[in-house]
Peer 1: 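Would you mind keeping the following structure in view while I ask a few things?
Side chains are part of it too, since the values below use all heavy atoms of this structure and drop only hydrogens, waters and symmetry mates. All values reported here derive from a predicted model rather than from experimental measurement.
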Amino acid sequence: MILVLPYLQKRINVNSAYYESMFDLVLIPSILEGVHYKHAIVLRNRWMVEQADYVIAMVERKEGGAYATLQYAQKKKKKIINLAERKK
């Protein structure tokens, strides 16, 4: 399992044993280097969509960052599983 972060976070170093036990890799995409942290989240989400064959999401509302990422995945014609639709 890979944890993809938008930027380096102190908690990764402080709790490194936990992250090493939970994830095979902690990754910050190189395209995010030097990007303002608020914009980095949007770019990280788009980067993940571009790398994926399938997008598994839990999006219940038609607003916010997760919804915008889901729309981006649809635009990129990704196969999407929205778990929120299954629980209805």
Peer 1: May I ask you to test the Pro6-Ile28 pair for a side-chain heavy-atom distance under 4.5 Å?
Peer 2: no
Peer 1: Sequence neighbours left out, cut at 3.5 Å: what donor-acceptor pairs do the side chains of residues 17-27 make with other protein atoms?
Peer 2:
| unit_1 | atom_1 | unit_2 | atom_2 | d |
| --- | --- | --- | --- | --- |
| Tyr19 | OH | Arg11 | NH1 | 2.6 |
| Ser21 | OG | Ala17 | O | 3.4 |
| Ser21 | OG | Tyr18 | O | 2.7 |
| Asp24 | OD2 | Met1 | N | 2.4 |

Peer 1: Hey, any chance Leu8 and Leu5 share a hydrophobic cluster, counting ILVMFWY side chains that come within less than 4.5 Å of each other, even indirectly?
Peer 2: yes
Peer 1: Listing request: all side-chain hydrogen bond (donor to acceptor under 3.5 Å, both in side chains) pairs with a residue in residues 39-59, at least two apart in sequence or in separate chains.
Peer 2: Asn45-Thr69, Glu50-Tyr72
Peer 1: Run through the side-chain heavy atoms of Ile, Leu, Val, Met, Phe, Trp and Tyr, join any pair under 4.5 Å, and report what else lands in Ile41's cluster.
Peer 2: Tyr7, Tyr37
Peer 1: Do Val4 and Leu32 sit in one hydrophobic cluster, given that two such residues count as connected whenever their side-chain heavy atoms are within less than 4.5 Å of each other, even indirectly?
Peer 2: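 Yes, Val4 connects to Leu32 through the hydrophobic network.
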Peer 1: Are Val14 and Ile12 linked, directly or through other ILVMFWY residues, by side chains that come within less than 4.5 angstrom of each other?
Peer 2: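 Val14 and Ile12: separate clusters.
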Peer 1: For a quick test of your reading: what N or O donor-acceptor pairs under 3.5 Å do the side chains of residues 73-80 make, sequence neighbours left out?
Peer 2:
| unit_1 | atom_1 | unit_2 | atom_2 | d |
| --- | --- | --- | --- | --- |
| Lys78 | NZ | Val49 | O | 3.4 |
| Lys78 | NZ | Ala52 | O | 2.7 |

Peer 1: Can you find a pair of side-chain heavy atoms, one from Val55 and one from Ile81, that are under 4.5 Å apart?
Peer 2: no
Peer 1: To the nearest 0.5 Å, how far apart are CG in Leu70 and CE in Met58?
Peer 2: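 Atom-to-atom, Leu70:CG and Met58:CE are 12.5 Å apart.
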